[in-house]
Amino acid sequence: MSEPAARVAELRRLIEDANYRYHVLDDPAIPDAEYDALMRELEALEREHPELAAEDSPTRRVGAAPSSAFAPVRHEVPMLSLGNAFSDEEVADFVQRIARELGEPEPEFSVEPKLDGLAISLRYEQGLFVRGATRGDGATGEDVTANLRTVKAIPLRLRGGQVPAVLEVRGEVYMPRAGFEAWNARMRETGGKVLANPRNGAAGSLRQLDPKITASRPLAFFAYGLGVVEGWTLPARHSQTLRALRELGFPVSPEAGTARGLGGLLAYFRAVGERRDSLPYDIDGVVYKLDRYDQQKAMGFVSRAPRWAIAHKFPAQEQLTTVEAIEVQVGRTGALTPVARLAPVQVGGVTVTNATLHNADQIARLDVRVGDTVIVRRAGDVIPEVVRVVEERRPRDRRGRPLHPPYEFPDRCPACGSHTEAVRKVLRQTRAGVEYAEGATIVCTGGLYCPAQRKQALVHFASRRAMDIDGLGERYIEALVDFGYVKTVADLYALTLDDFLEMKRRADERDGTVPETVRAGKIATRWAENLVEAIAASKATTLERLLFALGIRDVGESTARTLARWFGALEPIMAASEAELVEIPDVGPVVAARIAGFFAEPHNREVIAALRRAGVHWAEGGPQRAAEGPLAGRTVVLTGALSSMSRDEAGARLQALGAKVAGSVSRKTSFVVAGEAAGSKLDKARELGIEVWDEDRLLAFLNGHGAA
DNA sequence: TGGCCTCGAGTTCA
DNA sequence: CTCGAGGCCA
């Protein structure tokens, strides 16, 4: 062999090894820069010595003639679709069917994650990659050989000694999350087109006419099965086949394994489910296959799906749905919040019909319009959000123009017709005055004239952490306001049993929920009695609850408590000037102005007087301006679930000992009380090296200080 | 003036 | 839970 020929052979071997170690063993042997250098050297040599070029050279991944692009390819061995299971019961049925038919109570399965990518078939003849095809309808797919050659995780030549005459390998082409994120970040920077999700990214990449485009996409591959096999001894078990595929140079999911019986399958499902978010790729479930081929054969097929395998799916975290309407809700403070009404769709195990769009800016950023197809997600938290619009699916007229114009935020309040305005936020304060900028939030200027704001004010007043009127929910408050029974929060205390019954009758009538005669009458009476009782019970309250319940802007639970302690009684709070209020810790000019402004309003003073006349009462005392107790000056954060008491209760007890209970962990936190299943707050505490108490330690401390 | 740290407010569904 | 903004401190 000539010297260049030897070097070319060596380079190819080095590069193939590097690919194998990177993609199959997940154990990179050489740094990227060195890999690139090897490639460049090989390219140069092949240019100088055209006679040394070869089909399976790693330099030929891009550039193979895409002549047969997308031509139909018949799958001699059909590419199967799998049955789906969405619940443990369905998996149990699957296992039971097999156990019964095979007479084996605990059959063994090969188990692996189900990647969210694109199923393909790769054909190797005499060890060389000759054709790759998409799954298509299972019987016929499309020829995407040129594009698949650019995927480095797919070997162009099989490794190992025994070379099968023909080997078809089935697997999934996917886009790793990191690659997807990086790709989109780059696209956003350069103004290119972002990919909707890794799955679409993978599918779209393989449908490119120009393999160079495919080559630029971060694609990867996992093998999970076989098609046509000639001149190769098939092992007895699927798990052994996977091992053999690995040795032939194919990446196989490291999560793949075996499991026995229903218990084993479900344990695997849970284990993978827990690791789902930390896997480097998206999966939508796991696949169970009977491990022994003889048993697979015995089970056979129904129509097009095997009876020996099933896909156990996770509830989807992201779904496509359509926007049926964009409505605007009015909050307690008058803030207008746009909400997308969606065609119902299952996301993460629940049906989602609404998703907040936050504010006008967010709508503009997403450019959400009525009729749009959108991606909805329930991410780490529970609240659904619109991730993005799938613009290709936007309804258009014959001339290709969108059917609906960009959404325009209403300039009138949908509830009362008052004009709306952007909230001004303080930019800075100078001697000359205060400078404002317009914020993202739009508010209704109707104030308590606006029925929506009045309703929300009442809902807030009755809520658990405020006056705690049990049973008085949004629906009845709405009716009470609509029918004119209630204008201010004080009116609640004048309501009689008959008022409630009449209100409920009218509400049922209006909403078309017709109650059933006598029995319903009795139930309704009991319901009304409970409400009257709950309202009466709420009269005994505390100053801080009352202050919070009044709904003064920027006065939440914490500020209400501070105010109550600082002054000890309501009268001095009502009389306090802004100058006096800013003396209070955590109260600055903005909040002081809100408080003074609220009590300066004759209407508000009248409501307070009416509440007092109705018998609402609370204990008053002198000012208590310094925290006292063993925990004075200490800031505590509670996280996770405690077994012996609620978090609220624990917080109240700690406060009683002088502690300040905060909602988030920072360097100022004195210690964190962590219960069961504590999450990010505990992590943060560990990160900042903050003392952590478990429940026992908390209880011991509370007992030791007479707060048990 | 900038950068935390908190608090307030809004949000969905079973 | 997250975002935005008010308050505080360096």
Side-chain angles (χ1 to χ4, degrees), chain A residues 315 319 321 327-342 344-362 365 376-386 422-430 434-444 452-453 455-457 459-460 463 465-466 473-474 544 547-563 578 581-595 635-637 639 647 651 660-670 679-681 683-684 688 690:
Chain A
Q319 279 291 3
T321 186
E327 285 174 15
V328 173
Q329 288 178 351
V330 186
R332 170 166 69 93
T333 61
L336 300 187
T337 310
V339 177
R341 304 281 172 219
L342 307 167
V345 65
Q346 290 283 316
V347 187
V350 301
T351 312
V352 169
T353 52
N354 298 314
T356 175
L357 295 166
H358 298 298
N359 52 45
D361 280 7
Q362 176 80 352
R365 199 159 42 233
V376 186
R377 170 172 64 190
R378 273 175 90 227
D381 58 341
V382 203
I383 296 168
E385 59 172 347
V386 173
V423 167
R424 297 188 305 167
K425 66 175 185 184
V426 177
L427 262 191
R428 65 177 139 265
Q429 291 171 38
T430 59
V434 187
E435 273 183 54
Y436 295 98
E438 288 202 343
T441 357
I442 311 271
V443 292
C444 157
Q453 289 188 52
K455 283 173 197 168
Q456 291 307 313
V459 170
H460 172 74
S463 69
R465 309 182 85 96
E474 193 154 356
E544 58 181 80
L547 285 169
F548 176 55
L550 289 172
I552 307 164
R553 276 266 215 123
D554 288 333
V555 177
E557 275 187 291
S558 177
T559 311
R561 182 162 45 243
T562 313
L563 280 173
E578 280 185 48
L581 290 166
V582 285
E583 295 302 310
I584 307 170
D586 300 332
V587 175
V590 174
V591 175
R594 296 252 202 249
I595 297 169
T635 303
V636 185
V637 174
T639 181
R647 224 160 38 199
K660 185 170 176 212
V661 177
S664 60
V665 179
S666 72
R667 258 164 293 161
K668 292 188 178 172
T669 308
S670 312
S680 59
K681 288 184 204 169
D683 298 342
K684 179 107 189 253
L688 295 174
I690 286 163

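In what follows, every chain begins at residue 1, and chains take the letters A, B, ... in the order their sequences are listed.
- Side chains of A:Val587 and A:Thr562 form no contact here, defined as non-hydrogen atoms less than 4.5 Å apart.
- At B:dT11, none of the side-chain N or O atoms of A:Asn354 fall inside 4.0 Å of OP1 or OP2 (strictly under the cut-off).
- Contact check for A:Glu474 versus A:Gln456: side-chain heavy atoms found under the 4.5 Å cut-off.
- In this model, the phosphate group of B:dG8 is approached by a side-chain N or O of A:Thr559 to a distance below 4.0 Å at OP1 or OP2.
- In this structure, A:Thr559 and A:Asp554 have side chains that are not in contact, with every pair of non-hydrogen atoms separated by 4.5 Å or more.
- Across A:Asp586 and A:Lys660, no two heavy atoms sit closer than the pair OD2-NZ, 4.0 Å.
- Neither OP1 nor OP2 of B:dG8 sits under 4.0 Å from any side-chain N or O of A:Arg553.
- When the C1' atom of B:dC7 is taken as reference, atom CZ of A:Arg594 falls 13 Å away, rounded to whole Å.
- The nearest whole Å value for the distance from the CD1 atom in A:Ile442 to the P atom in B:dG10 is 15 Å.
- With the nearest nucleotide of DNA chain B identified for both A:Thr669 and A:Thr356, A:Thr669 has the one nearer the 5' end.
- Using a 4.0 Å cut-off, some side-chain N or O of A:Gln329 falls inside it from OP1 or OP2 of B:dT11.
- Taking every side-chain heavy atom of A:Thr333 into account, B:dG10 is the closest of B:dC7, B:dT11, B:dG10.
- A:Asp554 has its CG atom 11 Å from the C1' atom of C:dG4, to the nearest Å.
- One can place CZ of A:Arg667 at 4 Å from P of B:dC5, the figure rounded to the nearest angstrom.
- Listed nucleotides: B:dG10, B:dG8, B:dT11. Nearest to the side chain of A:Ala335: B:dG10.
- Of all nucleotides listed (B:dG10, C:dG6, B:dC13), B:dC13 comes nearest to the side chain of A:Val352.
- Here the side chain of A:Lys660 is nearest to one of B:dC7, C:dG7, B:dC5, namely B:dC7.
- Taking atom CD1 of residue A:Ile595 and atom C1' of nucleotide B:dG8, one finds them 13 Å apart after rounding to whole Å.
- For the residue pair A:Val555 and A:Ile595, the shortest heavy atom distance occurs at CG2-CG1, 3.8 Å.
- Close to B:dC13, at under 4.0 Å from its OP1 or OP2, lies a side-chain N or O of A:Thr353.
- When each of C:dG7, B:dG10, B:dT12 is scored by its nearest atom to the side-chain atoms of A:Val590, the top-ranked nucleotide is C:dG7.
- Nucleotide C:dG7 holds its P atom 9 Å from the CG atom of A:Asp586, rounded to whole Å.
- Protein atom CG of A:Asn359 is 17 Å distant from nucleotide atom P of C:dT2, rounded to whole Å.
- The nearest whole Å value for the distance from the CD atom in A:Gln362 to the C1' atom in B:dT11 is 13 Å.
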